[in-house]
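Computed from heavy atoms alone, side chains included, the values below leave out hydrogens, waters and symmetry copies. All residue numbers refer to positions in the sequence shown, counting from 1.
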Amino acid sequence: MRNARRSVAGTLAAGALALSLAGCGESVEPIERLGRKTTQEVQDEASGAPGPGGSAAPSAPASPSLPPSGGASDEAYRKWGLSRPLEFAPKPAEKPKLPAAPAGKVAVVDRIPVPAGEKVVFLTFDDGAEKDPEFLKMAADLKLPISMFLTDDIASADYGYFQKLRDMGNGSVINNHTLSHPNLRTLPYTTQKREICGQQDHLEQRFGERPRLFRPPYGNYNDDTLRAASECGVSSLVLWRVSMQINNFQYAEGNALKPGDIILAHFRGRSELKGSTETQMTTRMLRHIQDQGFRIGRLEDYV
């Protein structure tokens with residue numbers, strides 16, 4: 001797999017890896033299929049606004065700095081099923097050096113190159129299907145910095161929900177996940193560009209800011225995707241190495257989080273989470289992060 005990434009076909013290998021790690025649109029089983037048998041589970045300790053039309057786009061809020069060890073009250077942690085405060089990584093003095101993007105293409109990022117001893121991971125949520133008011137309360141209480149990758153066909157019924165999440169002061173950011181969630185690798189360049197640029201335009205009009213980050217549905221992309229994203233004003237294509245299932249993490253390699261891991265989760269409700277709520281799933285995810293001794297960083301401070 002590593003050799004494949006080094007080859008010219010690296011983009012395809014990364015896309016296949018991403019798809020195997022429960023990419024958007026796939027079912028949410030406790031253990032989903034992987035391209036190779038490297039999946040391990042983390043022990044589960046868990047128990048059981050205006051739409052896109054109308055008013056002018058609001059300006060994006062200034063990004064706050066994350067506190068070094070949280071900022072919510074003890075009552076908030078207990079309320080959401082955590083035994084101790086979350087820890088947050090402060091904004092780095094300078095961004096890590098990422099692989100350079102080829103000419104006319106965007107860079108591909110699937111893990112942030114932080115120093116080995118810097119135990120920080122990043123929360124990303126995709127699609128925008130579930131719009132649970134309780135999750136808004138949870139994110140506000142726990143001060144979660146969430147990188148949202150929104151699909152227009154899925155999220156636009158209530159973009160106001162995601163605006164509230166962005167504007168609550170935690171550093172959450174709205175990013176691009178295409179207009180209609182297609183498998184971009186199967187589409188010609190012009191169609192891929194329409195999917196990416198079209199959502200860039202929608203999000204800029206609705207939220208007042210053109211996203212810098214883009215995630216391809218299912219993690220699937222090719223050279224045309226990288227060229228189209230660059231043409232649309234994207235700076236980085238963001239994948240992941242860890243995905244949150246209903247109860248446990250699923251890993252691309254090994255059986256534990258690694259420094260700089262980007263964690264994939266989804267805005268999903270009971271029907272897709274087999275009776276669990278989005279807040280219950282998120283509590284399990286946060287417990288696993290704590291149990292492995294990691295802090296939470298804001299992805300956009302590093303990319």
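- Inter-residue side-chain proximity for Val106 and Ser236 is flagged as unmet; no heavy-atom pair is nearer than 4.5 Å.
- Taking the side chain as every heavy atom from C-beta outward, Phe122 and Ile296 never approach each other to under 4.5 Å.
- Between the side chains of Asp261 and Tyr251, not a single donor N or O lies within less than 3.5 Å of an accepting N or O.
- Defined by atom type and a distance below 3.5 Å, a donor-acceptor pair is missing between the side-chain atoms of Asp153 and His181.
- Side-chain contact between Leu179 and Thr151: absent, with no pair of heavy atoms (C-beta onward) separated by less than 4.5 Å.
- At a cut-off of 3.5 Å, with distance as the only test, no side-chain donor of Glu134 or Thr277 sits close to an acceptor on the other residue.
- Side-chain atoms of Gln163 and Arg206 include a donor-acceptor pair closer than 3.5 Å.
- Separation of atoms CZ (Arg270) and OG (Ser276) is listed at 8.0 Å; rounding is to 0.5 Å.
- Checking Ser243 against Gln245 by side-chain atom types alone, a donor-acceptor pair falls below 3.5 Å.
- The shortest side-chain heavy-atom distance between Leu136 and Leu165 falls under the 4.5 Å cut-off.
- Asp126 and His266 are not linked by any side-chain donor-acceptor pair at a separation below 3.5 angstrom, with hydrogens and angles left out of the test.
- Hydrophobic clustering, with ILVMFWY side chains joined whenever heavy atoms are under 4.5 angstrom apart, groups Ile146 together with Phe294.
- A donor-acceptor contact under 3.5 angstrom links the side chains of Thr124 and Arg215, judged on distance only.
- In this model, no donor atom of one side chain and acceptor atom of the other lie less than 3.5 Å apart for Arg185 and Asn222.
- The closest side-chain donor-acceptor pair between Arg287 and Ser83, if any, does not fall under 3.5 angstrom.
- Judged by distance alone, the side chains of Asp110 and Trp240 never bring a donor and an acceptor atom under 3.5 Å apart.
- The shortest distance between side-chain heavy atoms of Lys91 and Arg298 does not fall below 4.5 Å.
- Ser180 and Glu195 share a donor-acceptor pair across their side chains, judged by distance under 3.5 Å alone.
- Distance alone, capped at 3.5 Å, is enough to place a donor-acceptor pair between the Thr186 side chain and the Asn183 backbone.
- Shown here are the ring-ring contact (aromatic ring centres under 6.0 Å, His included) partners of Phe125, two or more places apart in sequence or in another chain: Phe135, Phe267.
- Under the side-chain hydrogen bond (donor to acceptor under 3.5 Å, both in side chains) criterion, Gln200 pairs with Asn176, sequence neighbours left out.
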Could you go through residues 92-103 and list every donor-acceptor pair under 3.5 Å that involves a side-chain atom there, pairing it with any protein atom two or more places apart or in another chain?
residue, atom, partner, partner atom, Å
Lys95, NZ, Val303, O, 2.9

For Tyr161 and Asp132, what are the C-alpha separation, side-chain angles and deciding distance, and is it a side chain to side chain donor-acceptor pair (under 3.5 Å)?
CA-CA 9 Å; Tyr161 175 90; Asp132 184 355; 5.9 Å; no

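- Between Asp201 and Arg210 a salt bridge is recorded (basic side-chain N to carboxylate O distance below 4.0 Å).
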